[in-house]
Amino acid sequence: MDKVTLSESQSVLSELTYPVDRTVAADEFAEVTLQLADGERNLGELISQTTSETFDTPRDLETELHNVLPREAVGEPFQSEGEG
């Protein structure tokens, strides 16, 4: 798999065996491009920017991944669901 969207990231991250070390996860996805609302980023590089040394579940990794994404990457700038 060369490219994935942010919405597909949970299923892709689930392919790893958990718990997993950050460097192992980053290496596993070094060749994967994450398609975002504002362009593309390398998934392995994004994972390497996370703060946790290990991840216990795919959800843990996904949460950390969202923390390193720029705000614009997930949709319209400064817009959150539920407001209106």
Leu65/Leu43 under side chain to side chain contact (heavy atoms under 4.5 Å, CB included): CA gap, chis, key distance, verdict: CA-CA 9 Å; Leu65 185 60; Leu43 182 56; 3.7 Å; yes

Could you state the interatomic distance from [atom1] ([X]) to [atom2] ([Y]), rounded to the nearest 0.5 Å?
X     : Y     : atom1 : atom2 : value
Glu62 : Ser14 : CD    : OG    : 8.5 Å
Asn67 : Leu69 : CG    : CG    : 8.5 Å
Asp27 : Asp21 : CG    : CG    : 9.0 Å

Heavy-atom check, side chain of [X] versus side chain of [Y], under 4.5 Å:
X     : Y     : answer
Val32 : Val4  : yes
Glu8  : Thr5  : yes
Asp38 : Arg41 : yes
Leu61 : Leu16 : yes
Pro19 : Phe55 : no
Lys3  : Glu40 : yes
Phe29 : Leu34 : no
Gln10 : Arg59 : yes

Give me the atom names and distance for the closest heavy-atom approach of [X] to [Y].
X     : Y     : result
Ala25 : Val20 : N-CG2, 4.1 Å
Asn42 : Ala30 : ND2-O, 2.7 Å
Leu46 : Val68 : O-CG2, 3.6 Å
Leu13 : Tyr18 : O-OH, 2.7 Å

- If you measure only the distance, is there a donor-acceptor pair under 3.5 Å linking the side chains of Ser52 and Thr50? no

Salt bridge (Lys or Arg N to Asp or Glu O under 4.0 Å) with Arg22: of Glu53, Glu45, Glu64, only one passes, and it is Glu53

